[in-house]
Engineer: 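Got a structure for you, written out below as structure tokens; questions coming shortly.
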Amino acid sequence: MGTSMGKGSQLESDSGCTLAVAIDGPAASGKSVIGREVARRLGIRFLDTGIMYRAVTWASIRKGVDPSRERELTSVAACSEIRLVTVREEDRLLLDGDDITDHLRHREVDMVVSVVSAVSGVRRALVAQQRAIAEDGPIVMCGRDIGTIVLPDACVKVFLTAAVEVRARRRTAEKAGNADYEKIMDELMRRDRIDSEREDSPLRPAKDAITIPTDNMTIEEVVQVILSKVQ
Ligand code: DC
């Protein structure tokens, strides 16, 4: 995987841990918006690993691969070239050279991404790419298994939580009145269940993660808690 995300930071670790901030949590817990802001303030790179699982899901839908065909899904993950680039300050994802960013949040991807990301072969391929990206320098990385599997030596590990009602309200607001709250809540519960009950790398906090219940917190408050841990 190539990336043009800017490198470079003054962050240094005295304790020998990986210079990384791992942010995990369920869907719509704020990982991406908070992680991006933490990275901006620290002057380091940011990677939302969820988009990589979404890219493989989109590719398998386009190739007509049935979500129950684990070997075929694994081969899609292993053979697709995913690149992250920044275009006019926006992160874009290129799959085999095509910019598929605008497709990644489509409903058809939402419907099957949890199933595709439960496949061990898919995870193996993407985790290897995520670790390689982290080796390039300091990074804030968010997902479901960053603190437990991808970067178990990250300096700071955070697990964001929020009640499903709060998360559904946030997602509904994001879609600007264009969405059904009940449907969104059902969908979040379904994805939470698959993500946390899967055998390989289930969603759970690392033993040394700080859990932040974000229900009644602003984005800025959560960012400040994380920055205080980094310092
Ligand atoms: O964060 P998101 O909603 O974009 O993630 C999409 C799916 O990808 C989610 O249902 C679980 C999966 N995922 C994962 O299994 N491991 C990660 N590190 C990131 C995402």
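Remember, it's 1-based here, ligands and their atoms both numbered in the order they're listed.
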Engineer: Counting heavy atoms only, which part of R105 comes closer than 4.0 Å to ligand 1: side chain, backbone, both or neither?
Structural biologist: side chain
Engineer: Just by distance, with hydrogens left out, do Y53 and R123 show a side-chain donor and acceptor under 3.5 Å apart?
Structural biologist: yes
Engineer: Heavy atom to atom 2 (P) of ligand 1, shortest distance: which of R144, R123, M52 holds it?
Structural biologist: R144
Engineer: What is the distance from atom CD1 of I44 to atom CE of M141, rounded to the nearest 0.5 Å?
Structural biologist: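 Rounded to the nearest 0.5 Å, the CD1-CE separation comes to 10.5 Å.
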Engineer: To the nearest 0.1 Å, how far is atom 4 (O) of ligand 1 from its closest protein heavy atom, and which atom is that?
Structural biologist: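 The answer is R54 NE, 2.7 Å.
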Engineer: Return the closest protein heavy atom for atom 6 (C) of ligand 1 as residue, atom name and distance.
Structural biologist: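 Checking every protein heavy atom, the shortest distance to atom 6 (C) of ligand 1 gives R191 NH2, 3.6 Å.
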Engineer: Considering only protein heavy atoms, which is closest to atom 8 (O) of ligand 1, and at what distance to one decimal place?
Structural biologist: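 Scanning the protein heavy atoms, the shortest distance from atom 8 (O) of ligand 1 goes to Y53 CB, 3.6 Å.
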Engineer: Set out, in order, the CA-CA distance, both residues' side-chain angles and the distance that settles salt bridge (charged side-chain N to carboxylate O under 4.0 Å, His left out) for R124 and D200, then state yes or no.
Structural biologist: CA-CA 10 Å; R124 255 197 316 278; D200 191 340; 5.7 Å; no
Engineer: Tell me whether V115 shares a hydrophobic cluster with V122, the cluster being built from Ile, Leu, Val, Met, Phe, Trp, Tyr side chains joined at under 4.5 Å.
Structural biologist: no
Engineer: Can R198 be said to touch ligand 1, with heavy atoms closer than 4.0 Å?
Structural biologist: yes
Engineer: Does the distance from a Lys or Arg side-chain N to an Asp or Glu carboxylate O, for R131 and E135, drop under 4.0 Å?
Structural biologist: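 Not counted as a salt bridge, because no side-chain N and carboxylate O are separated by less than 4.0 Å.
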Engineer: What I want to check is whether the side chains of T214 and R170 have a donor and an acceptor closer together than 3.5 Å.
Structural biologist: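 Their side chains do contain a donor-acceptor pair, which is all the 3.5 Å distance test asks for.
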Engineer: For atom 18 (N) of ligand 1, which protein heavy atom lies nearest, and how many Å away is it?
Structural biologist: D145 OD1, 2.8 Å
Engineer: Can you pull out the closest protein heavy atom to atom 12 (C) of ligand 1? Residue, atom name and distance to 0.1 Å, please.
Structural biologist: S117 OG, 3.3 Å
Engineer: Would you mind listing which atoms of ligand 1 come within a distance below 4.0 Å of any non-hydrogen atom of G143?
Structural biologist: 17 (C), 18 (N), 19 (C)
Engineer: Do I212 and T161 come within less than 4.5 Å of each other through their side chains, counting heavy atoms only?
Structural biologist: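 Of all side-chain heavy-atom pairs linking T161 with I212, none is under 4.5 Å.
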Engineer: Starting at CD1 of I219, measure out to CD1 of I34 and round the result to the nearest 0.5 Å.
Structural biologist: 6.0 Å
Engineer: Looking only at protein heavy atoms, which one is nearest to atom 7 (C) of ligand 1, and how far off is it?
Structural biologist: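 Of the protein heavy atoms, V113 CG2, 3.6 Å lies nearest.
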Engineer: Which heavy atom of the protein is the closest neighbour of atom 19 (C) of ligand 1, given with residue, atom name and distance?
Structural biologist: T49 OG1, 3.3 Å
